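In what follows, a single structure is set out as structure tokens and then discussed.
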Amino acid sequence: MSARLRLWVLALLVGAALLAVAPAHAAASRRRAVQYVGQVNLNEASATQLDALPGVGEKAAQSIVAYREKRRFGRVEELVKVKGFGKKRFLLLRPHLTLEGPSTFRVERLPAGGGRGAAR
């Protein structure tokens with residue numbers, strides 16, 4: 001195979017690889033284009049509302065509900081007493097936690113290009 005032909009084959013392979021990666025990157029950036037707004041009342045929120053919090057899944061939401069059935073939260077910091085919630089996870093959730101008022105938490109999609117407050 002000539003050097004020129006090898007160069008063309010290499011260029012085609014690199015181009016194909018880049019085209020394969022571009023859609024995956026675009027999909028990943030679309031998934032991250034959200035903003036978390038509002039707060040969740042730990043003593044009143046449903047498991048579905050708790051599940052909407054970033055990094056909290058169905059199992060963790062059920063753990064919170066089970067904990068508060070035994071003992072209501074006196075402070076949001078008590079979340080670290082729930083199995084699966086350590087200090088790091090609590091600090092990520094802290095801006096969205098409250099013990100007063102209704103749960104107003106929601107996930108908003110940001111326009112293309114992201115913006116301030118976008119999830120990472």
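No experiment lies behind these values; they were computed from the predicted model shown.
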- Any donor-acceptor pair under 3.5 Å from N43 side chain to L99 backbone: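 It does not hold such a pair.
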
- Look only at the side chain of E69 and the backbone of A66, and say whether a donor-acceptor pair between them is shorter than 3.5 Å.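 Absent.
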
- Are V80 and V76 joined in one hydrophobic group, where the rule is that I, L, V, M, F, W and Y side chains link up if heavy atoms are under 4.5 Å apart?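 Same cluster.
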
- ILVMFWY network linking L92 to V107, side-chain heavy atoms under 4.5 angstrom: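 In one cluster with L92: V107, no.
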
For a quick test of reading the model, state the closest non-hydrogen atom pair linking [X] to [Y] and the distance between them.
X: Q49; Y: V40; answer: O-CG2, 4.2 Å
X: G101; Y: N41; answer: O-ND2, 2.7 Å
X: F105; Y: G38; answer: CD1-O, 3.8 Å
X: G57; Y: R89; answer: N-NH2, 4.3 Å

- Task: Could you tell me whether R72 and E44 make a salt bridge, using a distance below 4.0 angstrom between a side-chain N and a carboxylate O?
- Result: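 Here R72 pairs with E44 in a salt bridge, since their nearest N and O are under 4.0 Å apart.
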
State the [atom1]-[atom2] distance between [X] and [Y], to the nearest 0.5 angstrom.
X: L42; Y: L93; atom1: CG; atom2: CG; value: 9.0 Å
X: R68; Y: L79; atom1: CZ; atom2: CG; value: 11.5 Å
X: I64; Y: F85; atom1: CD1; atom2: CZ; value: 3.5 Å

- With sequence neighbours left out, which residue pairs that include part of residues 94-106 fulfil the side chain to side chain donor-acceptor pair (under 3.5 Å) condition?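 Listed by first then second residue: R106-E108.
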
